[in-house]
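So the structure is just underneath, and the comments pick up after that.
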Protein chains: 2
Amino acid sequence: MTLLLADDQSIILDGLEALLEQDEEVQVVGRASNGREAVERSKKLKPDVVLMDISMPEMDGIEATKAVLACCTGTRVLVLSMYDHHDLVHEIMEAGASGYVLKNVGKEELCRALRIVAAGQQYLTQEVRSAFDNDMRAKEIMGETGYHALTKREKEVVKLICRECTTQEIAASLFLSPQTIDTHRKNILHKLGVRNTAGLVKYAKERGWC
Amino acid sequence: MTLLLADDQSIILDGLEALLEQDEEVQVVGRASNGREAVERSKKLKPDVVLMDISMPEMDGIEATKAVLACCTGTRVLVLSMYDHHDLVHEIMEAGASGYVLKNVGKEELCRALRIVAAGQQYLTQEVRSAFDNDMRAKEIMGETGYHALTKREKEVVKLICRECTTQEIAASLFLSPQTIDTHRKNILHKLGVRNTAGLVKYAKERGWC
DNA sequence: GATAAAATACCCACTTCCGGGTATTTTTAT
DNA sequence: ATAAAAATACCCGGAAGTGGGTATTTTATC
């Protein structure tokens with residue numbers, strides 16, 4: 001099984017490589033330190049599985065997953081994430097990932113997950129499984145996904161909010177009316193399903209946007 | 001050199017262990033998945049160095065560092081962190097850590113840092129060095145540390161703010177007056193040197209408080 | 001060329017938050 | 001026992017953010 005590792009912290013890449021090389025079936029053929037790199041390397045190396053972190057600069061793991069699956073048939077994505085939040089799991093599984101494991105799994109479970117995903121099946125770690133199933137059932141009943149991706153402009157606004165900018169300051173730096181930023185803020189809160197700035201910043205942090 | 005690893009993500013512990021065991025001088029004698037555990041294990045195992053993450057549940061790496069150094073003479077702490085923010089570096093170095101390396105270092109630099117710290121010297125990774133030095137010089141001139149730790153109550157308030165609670169809701173859940181929470185909020189912003197809720201939540205996220 | 005999505009901008013009303021204080025009581029530490 | 005720190009609570013005023021709309025222009029997309 002050929003494997004591409006994508007994580008923005010190189011000591012983790014080193015660690016994972018050292019760990020996974022102990023498994024004879026696994027062969028680490030490449031590494032990437034952000035989403036963009038992960039897509040480029042996938043195109044060239046056509047790995048069986050990409051082990052992907054979500055929180056990455058340049059391009060986050062969610063966008064990268066979509067891009068990898070769009071261009072590399074046969075390549076699967078296994079997500080290795082810090083967080084077990086419903087919305088995060090749902091979002092990336094909808095993007096086409098084959099599995100989701102938390103960073104607090106042991107070596108054994110990670111290797112098991114890799115095999116399952118490489119064989120074309122889904123693997124969700126215990127902590128996220130039940131939540132995700134409930135989520136899916138609710139979706140089927142209600143007939144809607146509930147999730148709406150942010151637009152380019154909205155992401156830009158999020159990043160400036162994370163830098164402690166006020167609406168006025170954001171407007172000034174983007175050469176727009178404060179009322180436009182106000183509209184963006186409202187749409188962002190609604191799309192992300194959060195109540196206020198605190199929820200918004202948490203969301204951004206968990207995706208490596210700041 | 002005996003080593004204790006402290007990180008809340010066990011796959012990272014596994015990875016670091018696999019990586020560092022390749023170095024014959026290094027011997028990993030224990031692991032901890034939060035600050036409290038790190039202190040307990042240090043007391044028992046008396047390792048030469050504790051390789052400590054900052055973002056951990058129960059007790060963060062900063063408090064844990066203080067506690068370890070208070071009870072284990074001869075044990076040094078090397079911090080392994082995601083962030084290169086001045087305030088974070090300054091805070092933990094003032095707590096007594098012997099070094100600070102980012103998670104995007106390579107294996108070689110990490111091992112080098114471990115040796116230097118074990119020998120009783122300081123090691124700061126390139127990215128934080130100049131910033132920290134400037135910081136220290138500024139402090140010497142102005143004669144003040146600038147940093148003020150949050151109190152227990154203030155941390156409690158921070159956590160509730162991170163859960164998207166409003167001042168009113170926090171007051172209700174702690175059975176206090178909203179004006180008290182307002183005072184806490186203002187003091188928190190001032191102590192942390194941030195402008196608003198966004199900065200506050202970022203701070204909390206980086207320390208693993210939510 | 002039609003249609004949808006995104007980006008822009010405005011309205012009103014209300015809540016929440018921030019900046020500047022002051023002051024009392026309770027805990028903690030020496 | 002006493003000083004210092006923490007926790008509590010209030011004042012005023014203004015800035016910032018949220019919730020509910022509507023509407024126009026620009027940019028993708030089919």
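All values reported here derive from a predicted model rather than from experimental measurement. Just so it is clear, the values below take in all heavy atoms, side chains as well, and ignore hydrogens, waters and symmetry mates. Just so we're on the same page: letters track the sequence lines, and every chain starts at 1.
- When each of dT8(C), dC10(C), dT18(D) is scored by its nearest atom to the side-chain atoms of Leu176(A), the top-ranked nucleotide is dT8(C).
- Each of Glu109(A), Arg115(A), Arg76(A) was compared with Tyr123(A) under the side chain to side chain donor-acceptor pair (under 3.5 Å) criterion, and only Glu109(A) meets it.
- Each of Glu58(A), Met52(A), Met59(A) was compared with Met56(A) under the side-chain contact (heavy atoms from CB on, under 4.5 Å) criterion, and only Met52(A) meets it.
- To the nearest angstrom, P of dA16(D) lies 14 Å from CD of Glu164(A).
- Ranking dA6(D), dC18(C), dT18(D) by closeness to the Asp182(A) side chain, first place goes to dT18(D).
- Listed nucleotides dA7(D), dT16(C), dA9(D) differ in distance to Thr166(B); the shortest reach to its side chain belongs to dT16(C).
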Take Arg207(A) and Leu88(A), measure what side-chain contact (heavy atoms from CB on, under 4.5 Å) needs, and give me the verdict at the end. CA-CA 9 Å; Arg207(A) 272 146 241 257; Leu88(A) 210 52; 2.9 Å; yes
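- In the interface, the side chain of Thr183(A) is paired with the base of dC10(C) through a donor and an acceptor atom under 3.5 Å apart.
- In this structure, CG of Asn196(B) is placed 16 Å from C1' of dG14(D), rounded to the nearest angstrom.
- Across the interface with DNA chain D, nearest-nucleotide mapping of Arg153(B) and Gln168(A) shows Arg153(B) to be the residue nearer the 5′ end.
- A straight line from CD1 of Ile188(A) to C1' of dT8(C) spans 14 Å, rounded to a whole angstrom.
- A sub-4.0 Å separation between OP1 or OP2 of dC10(C) and a side-chain N or O of Ser177(A) is present.
- Put simply, CZ on Phe175(B) is 20 Å from C1' on dT26(C), counting in whole angstrom units.
- Contact check, Thr167(B) against dT16(C): no side-chain N or O comes under 4.0 Å of OP1 or OP2.
- Judged by closest nucleotide on DNA chain D, His184(B) is the one of Cys165(A) and His184(B) placed further toward the 5' end.
- At a cut-off of 3.5 angstrom, counting only N and O atoms as typed in the model, there is a donor on one side and an acceptor on the other between the side-chain of Lys186(A) and the base of dG20(D).
- Atom-to-atom, CD of Glu154(A) to P of dA9(C) comes out at 15 Å; the value is rounded to the nearest Å.
- Enclosure of atom CZ in Arg163(A) is not indicated, since only 12 or fewer non-hydrogen atoms of other residues, nucleotides or ligands lie within 6.0 angstrom.
- Phosphate proximity of dT18(D) to Thr197(A): present, with a side-chain N or O under 4.0 Å from OP1 or OP2.
- Computed from coordinates, the Gln179(B) CD to dC18(C) P distance equals 16 Å when rounded to whole Å.
- As rounded to whole Å, 16 Å separates atom P of dC17(C) from atom CG of Asn187(B).
- Note that OG of Ser55(B) is 6.5 Å distant from OH of Tyr83(B), once rounded to the nearest 0.5 Å.
- Computed from coordinates, the Leu200(A) CG to dC17(C) C1' distance equals 16 Å when rounded to whole Å.
- When distances run from any side-chain atom of Thr180(A) to the nucleotides dT8(C), dC17(C), dG19(C), the shortest one goes to dT8(C).
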